[in-house]
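To start, the structure under review is shown below, and the notes come after it.
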Amino acid sequence: MRHIISMLLENEPGALSRVVGLFSQRNYNIESLTVAPTDDHTLSRLTITTMGDDRKIEQITKHLNKLVDVVKLVDLTEGAHIERELMLIKVKATGAQRDEIKRTTDIFRGQVVDVTSTIYSIQLVGTSEKLDGFLAAISGTTILEVARTGVSGISRGEKVLSV
Amino acid sequence: MLIRALHDEGVDLIWGYPGGAVLHIYDALFKQDKVEHILVRHEQAATHAADGYARATGKPGVVLVTSGPGATNAITGIATAYMDSIPMIVISGQVDSSLIGSDGFQETDMVGISRPIVKHSFMVQNPQDIPMVVKKAFYIATTGRPGPVVIDIPKDVTDPSRKFKYQYPESVKLRSYSVPGKGHTGQIKKAVEILLAAKRPVIYTGGGVVQGEGSALLTELVTLLGYPVTNTLMGLGAYPASDNQFLGMLGMHGTYEANMSMHCSDVVLGIGVRFDDRVTNSIAKFCPGAKILHVDIDPAAISKTVVADVPIVGSVTSVLEEMLELIKQSDTDVDRAAIDQWWKQIEGWREKDSLKVIPAPDDVIKPQQVIQCLYDITDGDAYVSSDVGQHQMFAAQYYKFDKPRRWINSGGLGTMGFGFPAAMGVQMAFPDAVSVCVTGEGSIQMNIQELATCLQYQLPVKIVCLNNQALGMVKQWQDMQYGGRYSHSTYAESLPDFIKLVEAYGHVGVRIEKLSELKQKMAEAFALKDRLVFIDVLVDPMEHVYPMAIKGGAMKDMYLSKTERT
Ligand SMILES: Cc1ncc(C[n+]2csc(CCOP(=O)(O)OP(=O)(O)O)c2C)c(N)n1
Ligand SMILES: [Mg+2]
């Protein structure tokens, strides 16, 4: 199963490499990874999506928790949560396709953020599934470039990940 | 500043080797007399010596090496300590901050290279950070599940012209690092209930009990319950091996009775163990009828391989104390009749005498006889470190360790070259004790240069070399699995004359070739209390280590000799 593990990490040199290194060292895979400082500049928030059965995920979270740089950690997929990913995509947009792409973009609530006479650059935000859906929907067009941020997430309701 | 911080942390001994990036530190060492420094002859030996010191004393070992090759030479020793959860601080010099990343002379990314084999690492950015980094490093290395910590220090950071007000921190608080204390009382209660109701229990303990200073409490528990107990290779000495309730070591080269008891048990209480593959054999066939109670300080060690029915995360001492308390208060009593029956069954297995030694003809010495002789001569009271190979297993099987921290070996990484420097570490810690290194003619050549260190510091280590003229353990596997094709495991014609070699280093060498002279010559060698003596014992080169687990089987599946299996 796919899991979204989100953690607060000491914003220190080497911290990120310890997290990433743990995954390769123990043969766990990383599907996506996002990291950036939080409002507290001493902390970064890092979110990883990974695949595995319950035992594997339990091992991953235990080992992550053992890292001295990891302050707190949550497996968002254990409860109700919101996940978002941002995608920038550059497609060839000429002739009849121009309208078609624009329509599909609207349906997916995306925006065309840059235009030339032959090209659209589109921005889309949503779950990874939705972004995949969009890519499938425009599969008839020529995709020139895709840049995805990877998943970021937060729990629903009162639950808070903080120190 | 660094040396002062080490001293304030209680360090009085470090092992090291100088070089450009640590010259400021070496100059500071020269100007003081509080911290003693031992100059080894290879950085790997510094780490193993510090490791041996840590295993024997429980205090962290400290190492100082230069950047680049100094740091990389230390890597094997760091990995060895990491695998066996040994507290160690490795201080490595680094090129000037301004040169980092430029492939400067003797630059290596030590923090990067060591990352998978340390508990944590620091790169010191500013001189004023040194005291706090040292404090944190020792705290992390020694608490919870211990392990090595690297402190990488750029040369400019130790420049004596950069002066700062020195203050050593009283305490340390790390928001992201917490040490498990007491176990969950509900879980401990559950475990005790299962334990008391057991009909065929085994208590299986490992290095965690030695490291966690849990031996006395373990012995109390085992005595109180009257249950059988077995130790892992790392856990030997945690329970007195000469006691009748001790089944011997378990696992790949464990005794028949220990492995059979595990396999047939209904309850396994694992304490400070990690259900390592060298113990369990095939996980799918492991202890089919047993409930698993697992106590460990590291939550990640629990259910990593074998899933625990009752996991307990906590320090060994606090959990054992609580268990003892609960057992004493409990209304339920041990099922004596069942336990008596269980012991009968175990005695039956014991009668097989899986460690019996069949003497060789023609006065040839069997390696096992050397360990038995060593045990007698040292009254079972020596510190025995070992290298890796058949000799290691013979030492573990035949030297009956009654006390913890007496058996010092590289269990997890299996590092040849570990034993001799480790024995130096022991000898420095306990100058009056008998520190023996049991080794093979293969392993000893991996750190033999330390003979010079032993002369310089007058370390009277006794080296017992079980010379089978081959990489015996490799050869054994080739005998058993590769049709006796000895691919690159023999070298009899090119072995050095160890006696001449050690004499060249200024020590004493004794060669023993006949069983009839074994006892006397060993006694003579050990009588030279103030000298390093290298005892080169020619042993039967065809001997195998038995019992030996049959790969892919259950714990009950063992070869018992070259011709017999379960
Ligand atoms: C550094 C290192 N290299 C290789 C090995 C693999 N290995 C394990 S035991 C062994 C043979 C050791 O020979 P020796 O020291 O003579 O001991 P013996 O088995 O003959 O008693 C080897 C090569 C190892 N454990 N460590
Ligand atoms: Mg050998």
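The chains referred to below are lettered A, B, ... by the order of the sequence lines, with proteins before strands, and numbering in each begins at 1.
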query: Excluding sequence neighbours, so at least two apart, what forms side chain to side chain contact (heavy atoms under 4.5 Å, CB included) with Val295(B)?
result: Leu269(B), Ile271(B), Ile312(B), Val319(B), Met323(B)

Under 4.5 Å from any heavy atom of chain B, what part of [X] do you find: side chain, backbone, both or neither?
| X | value |
| --- | --- |
| Val68(A) | both |
| Leu8(A) | neither |
| Leu67(A) | backbone |

field: Close contacts, residues 111-121 of chain A versus chain B, judged by heavy atoms under 4.5 Å
entry: none

query: Counting only heavy atoms not in Ile154(A), do more than 12 fall under 6.0 Å of its CD1?
result: no

message: Surrounding NZ of Lys90(A) (heavy atoms of other residues, nucleotides or ligands, distance under 6.0 Å), is the total greater than 12?
response: no

query: Which pairs pass salt bridge (Lys or Arg N to Asp or Glu O under 4.0 Å) with one or both residues in residues 133-157 of chain A, sequence neighbours excluded?
result: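 Every salt bridge (Lys or Arg N to Asp or Glu O under 4.0 Å) pair that includes a residue of residues 133-157 of chain A, provided the two are not neighbours, is Glu85(A)-Arg148(A), Asp132(A)-Arg148(A).
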
Considering only heavy-atom distances, could you tabulate the donor-acceptor pairs under 3.5 Å between chain A and chain B?
from, atom 1, to, atom 2, distance (Å)
Glu10(A), OE1, Arg175(B), NH2, 2.8
Glu10(A), OE2, Arg175(B), NE, 2.8
Arg18(A), NH2, Ser121(B), O, 2.8
Arg18(A), NH2, Ser121(B), OG, 2.9
Gly21(A), O, Arg115(B), NH2, 3.3
Gln25(A), NE2, Pro116(B), O, 3.2
Thr42(A), OG1, Arg175(B), NH2, 3.0
Arg55(A), NH2, Ser303(B), O, 3.1
Arg55(A), NH2, Lys304(B), O, 3.1
Arg55(A), NH2, Thr305(B), O, 3.0
Lys62(A), NZ, Pro299(B), O, 2.8
Lys62(A), NZ, Ile302(B), O, 2.8
Lys66(A), NZ, Asp298(B), OD2, 2.7
Val68(A), O, Ser176(B), OG, 2.3

